[in-house]
Structures are given as C-alpha cells and as structure tokens.
Amino acid sequence: MLLVQNLREDKEAVLAGLSKKKFKLLHLVDEAINKDDIRKKEQNQLDELLSQSKKLSEQIGMLMKAGKIEDAQKLKNENAILKEESKTQQERLESIEKELYEILVQLPNLPHSSVPEGSTPNDNEVVYMHGSTPELYIGALPHWELCSKYDIIDFELGVKLTGAGFPVYKGKGAKLQRALINFFLDSAHNEGYHEVQPPILVNADSGYGTGQLPDKEGQMYFITQDEFYLIPTAEVPVTNIYRNVILKAEDFPVKNTAYTPCFRREAGSYGKDVRGLNRLHQFDKVEIVQIQHPEKSYETLEEMRTYVAGILMKLNLPFRTLKLCGGDMSFASALTYDMEVFSAAQKKWLEVSSVSNFESFQANRLKLRYREGTNKPILAHTLNGSALALPRIVAAILENNQTPDGIKIPEVLVPYTGFDWIN
RNA sequence: GGAGACUUGUCCGAGUGGUUGAAGGAGCAAGCCUGGAAAGUUUGUAUACGCGCAAGUGUAUCGAGGGUUCGAAUCCCUCAGUCUCCGCCA
C-alpha cells in the first residue's frame with residue numbers, strides 16, 4: 001500500500017509510475033489526497049470534542065469530591081451533549097478513514113525506474129540467458145507421458161483422492177521431490193538463510209499483511225469452520241512473522257527460507273497450460289524472503305537473482321531471466337525478475353521463480369519498520385523469491401534429461417536421491 | 001471438549017471507577033563521577049494520527065472488539081491467547 005504522504009510529495013512521479021504499470025484509475029490519486037484532507041479536518045474536530053469532554057469530566061470529578069452534587073449534575077448534562085456529538089464525529093471519521101483505505105488499496109506499487117515500458121509478456125526484457133536448448137531424440141515425450149511411463153507421478157490417482165491438480169508422487173517420483181526440497185534448503189542455508197517451518201494455514205490478518213486479501217481472496221482455499229486460509233506461498237507466513245515489528249537497523253539483512261506446500265485455486269485456468277505439472281492446485285516450493293534497509297534493497301535483489309540463477313545452473317537446466325515490464329508486473333512489486341526454464345519436449349519456457357523487491361509496499365501494510373538509533377521508526381523493504389517451485393523444475397528435468405533408456409538425474413541431486421536414473 | 005486462574009510499557013511488576021500513558025525495579029541511552037571501568041548519581045527511554053518552523057501540544061491505545069458511566073487498565077458482554085486440573089489423543 002502506498003502512503004498518502006508520497007502521493008502528496010511527488011504526485012507527478014506517482015502518476016507516471018502508475019501509468020507505466022498500465023494502471024488506469026489515475027483519478028484515485030487526487031481522490032486519496034482530498035479524502036486525506038477531509039480526514040485531517042474530521043480528526044481535528046473529534047480531538048477537540050474529546051478534549052472538551054475530558055476536561056468536563058475532570059471538573060465533575062472534583063465537584064463530586066467537594067460534595068457539590070448540583071453543580072456536577074449541571075456539567076453532566078453539558079457533557080451529555082458533547083458525548084453525542086463526539087460519537088457521531090467518531091463515526092464520520094471512521095467512515096472517511098475506511099473510504100481512504102479503500103482508495104489506497106486499489107493503487108499498485110510504483111515500478112522502479114529501470115522497469116521496461118510495456119503491457120504484455122512480450123515486452124519483458126530478457127536480461128540473461130544460460131545454456132542451450134537440448135535437441136531431443138525422435139520419440140521424446142512430454143513430461144506427463146514420462147510420468148505415467150515410469151509410474152512416478154500419478155495424476156489420475158490424485159483426481160480420485162482429491163481432484164484435478166493434486167497429483168500423487170510415487171516411488172522415485174516421490175524421492176525426487178524430497179531430494180529437490182532438501183537440495184534447495186541446503187543451498188539456501190549455505191547462502192545464509194535461516195530456515196523456518198511456518199504454519200500452512202494462516203488467519204485473515206496475515207492475508208491482509210502480504211496483500212492476498214482483500215482482492216485475491218478467490219485465489220486461496222478457505223477453511224470456513226475456523227476461518228483459516230491455506231497459504232498460496234510461504235511468503236505469507238514467513239513475511240508475516242514481522243507484522244507489527246520494529247527491527248533495529250543492525251538486524252539487516254533478515255534472511256529467511258522455508259519449504260512449504262502451496263495451495264492455489266487457480267480459478268479460471270484450463271486447457272494446455274495446466275497440462276501435467278504446468279499448473280497445480282497443490283505444489284511444493286522453497287521460498288526465500290529478505291527484509292532489508294531501503295538503501296540496500298536493490299543490491300539484495302540482484303544478489304537473490306544471482307543466487308536463484310546459480311541453483312538452476314547446478315541443476316544444468318537452460319534458463320533465461322526476464323525483467324518484467326510495467327504492465328506484466330504484479331500489483332505489489334517495484335521490480336521483478338522471472339526465471340524461466342526451457343522445457344524441451346513442450347518447447348516452452350516455464351516460469352520457475354519470481355524474485356521481487358516490494359520496497360515498502362508490503363511493509364506499510366505489515367507495519368514492518370526499523371529504527372536507526374533513537375529516530376522514529378521507518379518502513380523496511382521486503383523482498384522474496386522462489387528458490388524454487390518444484391513442479392516445473394521436475395517437468396524440465398524429466399523432459400530435458402530423457403533418453404531412450406530412462407531419465408538421467410542431475411548430478412547435484414544424486415546424493416539426495418540415492419539413484420541416478422529413473423528407468 | 002469441560003472447570004478454574006490469568007493477559008499491563010523492551011522485560012519484571014504495582015494498580016478494582018476520578019486527572020494513570022500508567023508506581024517501583026531491571027535493561028538501554030546520555031551527563032556527572034573515574035586514569036579507565038565497575039559501583040554511585042542525574043536525566044531520558046512506547047506507538048499511531050492531528051496541530052506547530054521548532055520547542056511543544058491535542059487525541060487514542062493497559063490481549064482484541066463492544067457495552068455501562070460525567071469519567072474505565074479497573075465493572076459487564078463477546079472473541080482470542082496463556083497456565084492449571086479433568087477428558088480425549090498422534
């Protein structure tokens with residue numbers, strides 16, 4: 001969420017940034033400022049009323065003690081009027097605040113100056129390419145067919161147990177999952193990330209904290225009986241650890257990593273994009289989250305991006321890094337790099353990681369701040385990235401490493417799997 | 001799931017209707033003291049919003065939300081959490 005203060009101070013830059021993000025409702029900026037002006041006036045009036053009422057109460061107290069019941073009664077009547085007024089004033093203020101909030105939550109984060117212009121994925125800028133796309137032999141199969149050929153991932157069985165998008169991993173398929181999770185966690189650990197195991201159900205406050213609520217409510221599974229949401233990403237619980245927290249400047253950088261299953265309803269998705277492992281309702285992911293000093297967050301973003309690229313290199317997967325254009329970036333992000341691996345049989349680039357700097361956009365909602373010395377608390381910057389999401393990595397490994405004799409496991413994973421071929 | 005006790009500032013802890021944003025202590029910071037440190041001593045030490053160039057000042061906040069009252073940390077209700085006992089159970 002943006003601060004009204006920022007809208008006031010640099011309105012032109014805000015409007016330019018919003019336009020770059022292809023945000024249409026530019027009038028909301030002025031509306032927010034006007035609403036905030038009203039809010040200030042209303043608050044002033046309320047404070048004035050409450051202040052008067054408070055003084056009267058004190059006087060009543062003294063009169064009562066002195067036994068001047070009648071005088072006290074007079075003031076009581078006077079105060080009753082004030083009380084009525086302040087109550088309606090309170091309601092007025094609250095509704096103004098709510099209106100202001102509702103305007104502000106509609107405004108997306110402003111893009112970093114280096115974000116390319118553009119409105120569709122075609123406008124994303126390829127900033128890095130690694131590896132060559134493998135030539136497969138005649139008769140090579142897409143991963144979903146490899147899954148059933150070697151009986152390692154069973155989509156139909158998942159349909160029986162739950163529904164589409166909830167596959168059952170079997171045998172070497174299951175072991176490969178475990179291997180990847182451990183490999184990713186160990187890598188993150190070596191990079192200085194602190195491992196946490198958060199709950200995978202969260203309350204509404206956490207949903208609001210990272211911005212899944214209120215607008216992306218339909219994306220999450222919801223347990224009505226206890227009012228819990230299944231997390232769509234570990235970002236939600238791991239970042240919310242720092243909701244309403246004031247860090248010290250010397251705590252930076254805060255680096256956490258977590259493996260969790262992720263749950264996404266993916267309402268509206270269908271067709272070939274969701275074939276096999278391309279899009280699931282439940283999948284595994286290792287996430288990295290950092291909280292950083294505002295002056296260092298972009299340095300950190302590059303470091304995270306390099307780190308994720310390093311993992312993909314170790315897995316020997318061809319990939320490219322995209323800097324997303326203004327129109328393709330997520331609502332909360334100021335700068336996002338997407339990492340896509342090439343899936344050789346589908347001949348498709350698959351997004352396996354998204355590394356973003358949210359600057360203070362999330363921190364504002366979270367009330368995540370830091371203090372430098374004895375100064376006032378300042379909003380921190382938050383960043384996160386997938387490192388990595390499993391299913392598409394598995395798809396790429398299966399497709400790219402297939403041979404007529406089976407699937408070769410990347411060397412770096414063999415110590416984790418305990419086998420080097422799926423056949 | 002049932003019964004009871006509890007939830008106060010960074011921490012410990014006082015406070016059962018009247019000027020309490022909150023005693024006292026610890027911690028932390030600064031000053032004095034010291035060759036330096038410890039001890040001692042003085043001062044300061046929450047957050048949000050508003051007003052003010054600033055010093056400062058108004059309002060709100062004692063788990064959360066609501067209520068009673070002229071006035072609530074203190075009384076009542078709802079919810080959440082912690083602890084103890086019982087029940088159940090990986």
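Throughout, protein chains are lettered first and strands after them, A, B, ... in sequence-line order, and every chain is numbered starting at 1.
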Taking atom C1' of B:C49 as reference, at what distance in whole Å does atom CD of A:Gln45 sit?
15 Å
Here the pair of heavy atoms bringing A:Ala204 nearest to A:Leu213 is O-CD1, 3.6 Å
Does A:Lys175 have more than 12 heavy atoms from other residues, nucleotides or ligands lying within 6.0 Å of its NZ?
no
What class does the angle between the rings of A:Phe252 and A:Tyr370 fall in, given that below 30° is parallel, 30 to 60° is tilted and above 60° is perpendicular?
perpendicular
Choose from B:G18, B:A46, B:C51 the nucleotide whose nearest atom is closest to any side-chain atom of A:Arg371.
B:A46
Starting at CD1 of A:Ile60 and ending at P of B:A72, how long is that distance when rounded to a whole Å?
11 Å
Is the shortest side-chain N to carboxylate O distance from A:Lys35 to A:Glu99 below 4.0 Å?
yes
Euclidean distance, atom CD of residue A:Glu97 to atom P of B:U59 [Å, nearest integer]:
17 Å
Just by distance, with hydrogens left out, do A:Asn240 and A:Arg243 show a side-chain donor and acceptor under 3.5 Å apart?
yes
Starting at CD1 of A:Ile96 and ending at C1' of B:C49, how long is that distance when rounded to a whole Å?
15 Å
Quick one: is B:G50 close enough that its OP1 or OP2 comes under 4.0 Å of any side-chain N or O from A:Arg39?
yes
Within a radius of less than 6.0 Å around CD of A:Glu302, do more than 12 heavy atoms belonging to other residues, nucleotides or ligands occur?
yes
Salt bridge or not for A:Glu287 and A:Lys285, using N-O below 4.0 Å?
yes
To the nearest angstrom, the CG-P distance between A:Leu49 and B:C49 comes to 22 Å
Work out how far the C1' atom of B:U68 is from that of B:U57, and round it to whole angstrom.
32 Å
C1'-based separation of B:G35 from B:G44 [nearest Å]:
28 Å
Quick check: do A:Lys170 and A:Asp151 have side-chain heavy atoms less than 4.5 Å from each other?
yes
Between B:U7 and B:G63, how far is it from one C1' atom to the other, in whole Å?
6 Å
I need the CD-C1' distance between A:Glu48 and B:U57, as an integer number of Å.
12 Å
Separation of A:Leu50 atom CG from B:U69 atom P, in whole Å?
17 Å
Heavy atoms under 4.0 Å, any strand shown: does A:Lys54 hit a base, just sugar-phosphate, or nothing?
sugar-phosphate
Against the side chain of A:Ser57, the closest entry in B:C70, B:U47, B:A60 is B:C70
In whole angstroms, how far is the C1' atom of B:C49 from the NZ atom of A:Lys367?
11 Å
Roughly how many Å apart are B:C12 and B:U19, using the C1' atom of each and rounding to a whole number?
27 Å
In dot-bracket, 5' to 3', how would RNA chain B read with Watson-Crick or G-U wobble pairs under 3.5 Å, [ ] for crossing ones and | for pairs to another strand?
((((((((.[[[..)..(.....]]]((((((.......))))))((((((....)))))).[[[[[..)....]]]]])))))))....
Of the nucleotides B:U19, B:G18, B:C49, which one has an atom closest to the side chain of A:Glu58?
B:U19
How far apart are the C-alpha atoms of A:Glu42 and A:Arg92, what are their side-chain angles, what is the distance that settles it, and do they pass the salt bridge (charged side-chain N to carboxylate O under 4.0 Å, His left out) test?
CA-CA 7 Å; A:Glu42 300 292 343; A:Arg92 199 178 307 161; 3.7 Å; yes
Rounded P spacing from B:C76 to B:G18 in Å:
16 Å
Other residues, nucleotides and ligands only: do more than 12 of their heavy atoms fall within 6.0 Å of CD on A:Gln197?
no
A:Lys40 side chain, from C-beta outward: closest of B:C51, B:C49, B:U47
B:C51
What residues from residues 73-90 of chain A pass a heavy-atom cutoff of under 4.0 Å to RNA chain B?
A:Lys76, A:Asn79, A:Lys83
Please tell me which of A:Asp36 and A:Gln52 maps to the more 5' nucleotide of RNA chain B, matching each residue to the nucleotide holding its nearest heavy atom.
A:Asp36
Rounded C1' spacing from B:A14 to B:A22 in Å
10 Å
Using a cut-off of strictly less than 4.0 Å, decide whether A:Ser51 has a side-chain nitrogen or oxygen near OP1 or OP2 of B:U59.
yes
Given the P atoms of B:A72 and B:U61, what is the spacing between them in whole Å?
8 Å
Expressed as a whole number of Å, how far does the C1' atom of B:G67 sit from that of B:G13?
30 Å
Any donor-acceptor N or O pair under 3.5 Å, side chains A:Asp284, A:Tyr259:
yes
